[in-house]
Amino acid sequence: MTDFQNVPATATGVIHIDLGQLAANWQALAKFVMPARCSGVVKANAYGLGLDRVVPALMKAGCQTFFVATIDEAKDVRALASDAAIFVLDGLLPGAEKALTDINAIPVLSSLEEFQDWSAHARKCNKALPTAMHIDTGLNRLGMTAVDIRELAAGRTLLEKLNVYLIMSHLACADDPDDDMNARQLNVFEGLLPLLPTVATSLAASDGLMLGAPYHTQLVRPGYALYGGQATKEPTAPVKPVVKVHARVLQVSEIVTGQTIGYSAIYKATSPRRIATVAAGYADGVLRTSSAASGEAGGFVAFNGRLAPIVGRVSMDLITVDITELDDETIHRGSWTELVGPTISLEDAGHGAKTIGYEILTSLSKRFHRIYTGEDTITR
Ligand SMILES: *Cc1c(COP(=O)(O)O)cnc(C)c1O
């Protein structure tokens with residue numbers, strides 16, 4: 001198991017992150033959407049993978065435009081990427097104007113109020129500030145409404161002092177290519193653009209860019225796909241997995257019929273069971289919703305490519321898995337078990353926890369040992 005050769009003896013778990021594959025994923029998506037351009041969405045610490053390693057790898061691959069959620073995240077990206085364009089999806093919080101201009105980050109503004117504040121700041125600085133605009137085309141989460149857009153367009157004074165770089169929107173149902181919501185949102189977006197300055201536009205994230213060329217507009221914003229995730233039923237994106245997560249077995253025990261396992265005794269053995277206790281719990285991103293009471297399905301781990309179900313409650317630091325059916329005498333104290341990897345995809349892990357792969361990534365353990373590989377293989 002060469003994967004574990006360089007792992008310290010004290011590590012209860014290890015996360016392998018293949019930066020070479022991350023870069024290859026970005027390049028494959030960039031090629032796929034040409035002539036549109038491709039950015040990198042690195043919010044939430046690059047979906048849990050580590051901003052400080054992900055941003056340099058993406059830059060080496062050719063990425064020059066980043067999206068983050070918060071201004072603090074933008075600050076971290078700026079420290080790593082002095083020339084990159086950095087868009088802040090959460091926009092302008094009251095009083096945060098200077099924090100944005102200090103690092104030359106571009107707020108994605110979602111309301112007339114934000115436009116008023118940002119434009120007032122531009123007048124104060126006597127500088128045309130870089131600006132992006134978010135239009136809500138049906139997600140009803142964040143963005144300007146059609147009414148706002150008309151008011152903004154009619155006034156124009158708000159736009160005078162601003163240098164609008166990008167107009168964007170976000171799709172609600174891009175993971176289902178058959179949903180008419182996609183075309184409806186594209187229509188609304190295209191219908192509003194003539195009211196606004198002619199600048200670059202952006203609509204698609206990871207799933208949206210697989211909907212075809214009309215959705216690419218000038219810039220796509222993949223996050224999840226860069227990290228190897230594919231949320232659509234039919235995985236069609238030209239990307240491969242980037243992350244593997246393994247944890248160590250602490251103990252293997254034999255349970256007799258009638259005994260229960262774990263907190264609240266929600267699992268009861270109806271026959272003799274062989275149980276491996278693994279050093280990964282909800283504090284390591286094995287979400288507590290992966291628990292399994294008797295007769296219920298929960299999450300899975302894998303040993304040498306074969307699945308073993310979690311039984312009983314997931315606790316903070318530990319899970320108990322049923323390895324009876326594997327009939328594998330080689331599983332012992334110190335063995336490695338896969339939580340995410342070639343046998344259990346991000347989607348599988350998300351499904352086992354009654355959530356999505358995105359949440360598995362952003363919940364990755366902060367105390368597991370991390371191994372980054374492949375950075376030296378990245379070429380443009
Ligand atoms: C998070 C986010 C993205 C990236 O989404 P993925 O599905 O991870 O590709 C793009 N745009 C907006 C507005 C987002 O919030």
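Indexing begins at 1, ligand by ligand and atom by atom, following the structure's order.
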Enumerated ligand 1 atoms positioned under 4.0 Å from heavy atoms of Tyr224
6 (P), 8 (O), 9 (O)
Side chains of Arg37 and Ser39: is there a donor and an acceptor less than 3.5 Å apart?
no
Just which atoms of ligand 1 are under 4.0 Å from any heavy atom in Pro222?
9 (O)
Among all protein heavy atoms, pick the one closest to atom 11 (N) of ligand 1 and tell me residue, atom and distance.
Arg221 NE, 3.0 Å
Full working for side-chain contact (heavy atoms from CB on, under 4.5 Å) between Val314 and Leu287
CA-CA 7 Å; Val314 173; Leu287 303 180; over 6 Å; no
Report the part of Ser206 in contact with ligand 1, treating N, CA, C, O as backbone and CB onward as side chain, heavy atoms under 4.0 Å; options are side chain, backbone, both, neither.
both
What are the atoms of ligand 1, with element, lying closer than 4.0 Å to any heavy atom of Arg141?
15 (O)
Between Thr324 and Asp322, is any side-chain donor less than 3.5 angstrom from a side-chain acceptor?
yes
Would you kindly say whether Arg248 and Thr12 are connected by a side-chain donor-acceptor distance under 3.5 Å?
no
What verdict does the side-chain contact (heavy atoms from CB on, under 4.5 Å) test give for Val164 and Leu159, after you've listed the backbone C-alpha separation in whole Å, the side-chain angles of each residue and the deciding distance to 0.1 Å?
CA-CA 8 Å; Val164 180; Leu159 290 172; 3.9 Å; yes
Near Leu89 (heavy-atom distance under 4.0 Å), the atoms of ligand 1 are 12 (C), 13 (C), 14 (C), 15 (O)
Can you tell me the protein heavy atom closest to atom 7 (O) of ligand 1 and the distance?
Tyr358 OH, 2.5 Å
Closest to atom 12 (C) of ligand 1 among protein heavy atoms sits His170 CE1, 3.4 Å
Going by the order shown, which atoms of ligand 1 are within less than 4.0 Å of some heavy atom of Lys43?
1 (C), 2 (C), 3 (C), 14 (C), 15 (O)
Hey, does the Lys NZ or Arg CZ of Arg53 hover above the aromatic six-ring of Tyr372, less than 6.0 Å from the centre and inside 45° of the axis?
yes
Look at atom 4 (C) of ligand 1 and find which of Tyr47, Phe87, Phe67 reaches it with the closest heavy atom.
Tyr47
When you measure from the heavy atoms of Ala225 to every atom of ligand 1, does any distance fall below 4.0 Å?
no
Decide whether Thr201 and Gln218 meet the rule of one side-chain donor and one side-chain acceptor closer than 3.5 Å.
yes
Flag Met168 as yes when one of its N or O atoms lies below 3.5 Å from any N or O atom of ligand 1, and as no otherwise.
no
Distance alone, cut at 3.5 Å: any donor-acceptor contact between the side chains of His170 and Arg221?
yes
